[in-house]
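Naming: A, B, ... by sequence-line order, numbering from 1 per chain.
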Amino acid sequence: MPREFRKPIDDADPAAALTNARIAAILTEIADLLDIKGESSFKVGAYRRAADSVARSGVDVAQAYREGEPPRLKGVGGSIGERIEELVTTGQLPYHEALRAEVPPTLLELLAIPGVGPRTAGEVWRTLGIATLPELERAACDGQLRQLKGLSAKSEARIIEGIAELEKRPPRRMRIGEAHGLAERAVALIESLPGVASAVAAGSVRRWRETVGDLDILVETDEPAEVLEALRALPVIESVEAGVRGGADRSTLRLVDGPQLDIMAMPAGSTGSYLVHFTGSAEHNVALRHRARERGWTLSEHGLVPLDDAAAQPMTFAAEADLYAFLDLAEIPPELREGRGEIEAAEHDELPRLIERSELRGDCHSHSHWSDGREPLEVMVESARAAGREYQVLTDHSQSLGIANGLTPARVEAQRRVIGELNERFAREASDGQTPDGADAGFRLLHGTELEITTDGRLDYADELLASFDVVVASLHVGRQQPRRQLMARYETALRNPHVGIISHPSGRKIGVRPDLDLDWEAFYRLAAETGTLLEINGSEARLDLDEHRIRAATEAGCRFVIDSDAHERDDWAHLDWGVGIARRGWVTADLVANTLPRDEFITLMREKPHRW
DNA sequence: GCCGTTTTCGGCCCGACTGTTTTCAGTCG
């Protein structure tokens with residue numbers, strides 16, 4: 001996978017909120033520019049690690065600095081700490097600006113070309129004055145690059161090809177659902193080939209990352225050459241990527257109209273270290289190698305080799321658990337392998353027992369034709385029932401959300417009657433032993449609403465009507481650009497209302513489309529915990545909201561959750577899978593999630609606020 | 001530039017591949 005296409009930071013708006021993500025982006029750009037400049041790789045790495053640390057921190061770093069309580073962040077020492085402080089207090093970072101003046105930020109675009117790294121980019125800039133993609137392409141076509149040290153006519157051809165490829169197919173990351181679907185198909189396809197003992201998707205798919213760049217497939221076989229040859233010949237394989245990753249036991253391919261596939265063969269019976277290595281993350285692997293070194297070993301995908309005998313045969317492991325055990329660690333679930341404290345937890349046997357999909361008994365957020373759902377209420381409810389759930393909450397939109405055909409109070413009452421009749425039928429069928437196969441005899445459709453928090457900070461229904469719902473899910477779809485104080489005031493109204501059980505998709509983000517709401521998150525979590533209002537982990541793949549970082553921060557603040565599909569059609573029930581995946585990445589255990597409760601307990605819980613159990 | 005059961009200096013993760021090489025640097029995952 002070519003590195004991600006990184007545009008220079010848009011600094012047109014210096015007043016843009018200094019979120020952790022923006023601070024991290026600035027530190028990353030500093031690292032890139034230093035790299036091109038030819039600075040020590042350790043210094044460059046230090047900025048990258050610091051950026052990473054800021055990005056994944058649960059606290060609002062800018063706010064913490066402004067309040068005079070800088071958080072302890074791994075990789076942020078005196079020098080970088082001072083730069084962050086200057087940035088968040090003055091809104092400017094002269095060091096960064098000076099670097100941008102010295103090294104043209106447009107050079108970052110060159111790094112997206114396969115085979116072009118910071119050294120090459122720096123070299124063409126220094127010797128030929130090239131700073132942009134078109135300039136590089138022209139120079140390559142004119143044969144100017146071959147005069148540079150380490151570059152030849154062959155390199156020029158590769159660069160021209162790489163630029164063309166980039167224009168034809170800009171790198172993009174798949175959403176979680178698409179990635180898992182494709183990975184499943186690829187694995188099934190590969191397992192059908194002769195000589196294949198097993199295949200498994202590793203990489204970020206296996207860790208359930210919210211977006212995925214390419215697919216890494218491990219193939220257990222004793223005949224790697226034959227298997228890879230057969231694979232390359234399949235009609236669904238569009239092309240064999242040139243050069244990047246060839247060799248006897250690995251191959252880089254591309255699915256027709258699909259993502260890049262990195263295929264790695266591993267010898268049967270010694271798959272433990274391969275799985276660990278290719279599942280990652282990079283940070284997790286680094287931490288593991290550190291640990292191996294402390295114990296006198298060097299760790300790679302092939303296994304462990306003694307530090308004092310590099311020529312020794314690697315010690316191999318049949319299973320991941322064996323490798324972890326050798327390093328005195330409990331086996332770490334793939335979702336936790338991000339270098340966020342999982343090694344320490346595994347060392348002390350304090351890994352959480354993560355929630356499983358099978359532990360969800362109900363779903364608290366779904367829509368139908370009555371508002372903006374794409375299927376009739378009856379169709380949605382029958383499929384939820386057939387899926388074996390104990391309860392489904394129908395939460396069509398409230399009246400002010402006209403664009404989604406929100407329900408007036410009169411339509412709410414009409415819908416209540418329809419739901420009542422359906423539940424009567426379900427009860428009748430249960431007592432007659434007529435419950436359909438796969439359905440839970442106790443299944444009930446619960447009546448909820450997705451209650452709009454209006455721009456002027458009111459709730460969209462009167463309290464008496466709110467009290468009549470089984471579940472009230474409050475959310476904010478309009479007036480997203482309001483200043484932080486106003487947004488917080490709106491959320492506070494909802495959180496303090498005794499009938500509001502759940503705040504839905506709290507950050508309001510859409511992945512890759514629009515950013516989070518500007519909230520005082522610490523205060524938001526505190527209020528949710530204090531009022532006993534549940535926070536939703538919304539599993540629709542464009543949202544995944546709360547995200548994994550916020551989930552952990554909210555947990556630490558004492559919050560509790562529900563995991564919901566926000567389904568608008570039957571296919572959307574799969575969102576529950578994605579929601580559970582993200583929850584697991586947020587270290588969530590079943591006891592933190594209200595919709596793991598049996599139906600009656602859940603109904604009772606939702607009648608009482610604060611919701612604590 | 002960061003960090004410390006190798007602690008204030010001297011390290012800093014690993015292997016494979018590529019290209020232009022006579023021993024290695026750059027790129028990638």
Visitor: Could you check whether K154(A) gets within reach of a base, just the sugar-phosphate, or nothing at all, counting any heavy atom under 4.0 Å?
Guide: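 Sugar-phosphate contact only - K154(A) comes under 4.0 Å of backbone atoms but never of a base.
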Visitor: Nearest-nucleotide wise, let me know which of G150(A) and A121(A) is further upstream toward the 5' end of DNA chain B.
Guide: G150(A)
Visitor: Just how far, in rounded Å, is C1' of dT18(B) from CD1 of I159(A)?
Guide: 13 Å
Visitor: Please work out which of the three classes, parallel, tilted or perpendicular, describes the rings of Y324(A) and H284(A), given edges at 30° and 60°.
Guide: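 H284(A) and Y324(A): tilted rings.
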Visitor: What integer number of Å spans the C1' atoms of dG11(B) and dA16(B)?
Guide: 25 Å
Visitor: Below the 4.0 Å mark, does dA16(B) have OP1 or OP2 next to a side-chain nitrogen or oxygen of H302(A)?
Guide: yes
Visitor: Answer yes or no: does a side-chain N or O of R293(A) lie under 4.0 Å from OP1 or OP2 of dC14(B)?
Guide: yes
Visitor: Does dC14(B) have a Watson-Crick or wobble mate here (both distances under 3.5 Å), and if so which one?
Guide: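 The base-pairing partner of dC14(B), which may sit in any strand shown, is dG29(B).
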Visitor: Just the rounded figure in Å: distance from C1' of dG15(B) to CE of M264(A).
Guide: 13 Å
Visitor: Determine the Euclidean distance between corresponding P atoms of dC17(B) and dT23(B); express it in Å to zero decimal places.
Guide: 22 Å
Visitor: Side chain of S155(A) only, heavy atoms from C-beta on: which candidate in dG26(B), dG19(B), dC2(B) is closest?
Guide: dG19(B)
Visitor: Using a cut-off of strictly less than 4.0 Å, decide whether T120(A) has a side-chain nitrogen or oxygen near OP1 or OP2 of dG26(B).
Guide: no
Visitor: What is the distance, rounded to the nearest whole Å, between atom CG of L27(A) and atom C1' of dG1(B)?
Guide: 12 Å
Visitor: Would you find a donor on one side and an acceptor on the other, under 3.5 Å apart, between the side chain of Q260(A) and the backbone of L253(A)?
Guide: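 Absent.
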Visitor: Could you say whether A153(A) or G75(A) is positioned toward the 5' end of DNA chain B, judged by the nucleotide with the nearest heavy atom to each?
Guide: G75(A)
Visitor: Return the value, rounded to whole Å, for the distance between atom CD of Q260(A) and atom C1' of dC28(B).
Guide: 11 Å
Visitor: Taking salt bridge (Lys or Arg N to Asp or Glu O under 4.0 Å) as the test, write out the residues that go with K43(A), two or more places apart.
Guide: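 Partners of K43(A) by the salt bridge (Lys or Arg N to Asp or Glu O under 4.0 Å) criterion, ordered by chain and then number, come out as E39(A).
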Visitor: Would you say that more than 12 heavy atoms from the other residues, nucleotides or ligands in this model lie under 6.0 Å from the CG of D309(A), or not?
Guide: yes
Visitor: Provide, to the nearest angstrom, the distance between the NE2 atom belonging to H277(A) and the C1' atom belonging to dG15(B).
Guide: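 Computing the H277(A):NE2 to dG15(B):C1' distance gives 7 Å.
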Visitor: With rounding to whole Å, what would you report as the distance between dT21(B) and dG26(B) at their C1' atoms?
Guide: 13 Å
Visitor: Which one, dT18(B), dC2(B), dT27(B), comes nearest to the side chain of A46(A)?
Guide: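 Looking only at heavy atoms from C-beta outward on A46(A), the closest nucleotide is dC2(B).
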Visitor: Please determine whether a side-chain nitrogen of the Lys or Arg among D142(A) and R138(A) lies less than 4.0 Å from a carboxylate oxygen of the Asp or Glu.
Guide: no
Visitor: Nearest to the side chain of Y47(A), which nucleotide is it out of dG1(B), dC3(B), dA16(B)?
Guide: dG1(B)
Visitor: Which part of the nucleic acid, if any, lies within contact of L299(A), taking any heavy atom under 4.0 Å across all strands shown: a base, the sugar-phosphate backbone alone, or nothing?
Guide: sugar-phosphate
Visitor: Could you check whether T298(A) gets within reach of a base, just the sugar-phosphate, or nothing at all, counting any heavy atom under 4.0 Å?
Guide: sugar-phosphate
Visitor: Taking the C1' atom in each of dC2(B) and dT8(B), what is the distance between them to the nearest angstrom?
Guide: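 Those two atoms are separated by 12 Å.
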Visitor: Can you tell me how far P of dT21(B) sits from CG of L148(A), to the nearest Å?
Guide: 12 Å
Visitor: Which pairs, with at least one residue in residues 167-196 of chain A and sequence neighbours excluded, count as a ring-ring contact (aromatic ring centres under 6.0 Å, His included)?
Guide: H180(A)-W208(A), H180(A)-W578(A)
Visitor: The side chain of R158(A) is closest to which nucleotide in this list: dG1(B), dT18(B), dT27(B)?
Guide: dT18(B)
Visitor: Check this for me, if you would: do E283(A) and K74(A) make a salt bridge, where the nitrogen-to-carboxylate-oxygen distance has to be below 4.0 angstrom?
Guide: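 Answer for the salt bridge query: no.
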Visitor: Whole Å only: how far is the NE2 atom of H290(A) from the P atom of dC3(B)?
Guide: 11 Å
Visitor: Base, sugar-phosphate, or nothing for R83(A), non-hydrogen atoms under 4.0 angstrom?
Guide: sugar-phosphate
Visitor: So is the aromatic ring of F42(A) stacked onto the base of dC2(B), judging by whether the centres are under 5.5 Å apart and the planes are under 30° apart?
Guide: no
Visitor: In whole angstrom, what separates E156(A)'s CD from dG19(B)'s P?
Guide: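 Spelled out: CD on E156(A) to P on dG19(B) is 14 Å.
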Visitor: Please report the distance separating the C1' of dG15(B) from the corresponding atom of dG10(B), rounded so that it comes out in whole Å.
Guide: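 Going atom to atom, C1' in each nucleotide, I get 25 Å.
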Visitor: Look at all strands and tell whether G45(A) reaches a base, only sugar-phosphate, or nothing, counting heavy atoms closer than 4.0 Å.
Guide: nothing
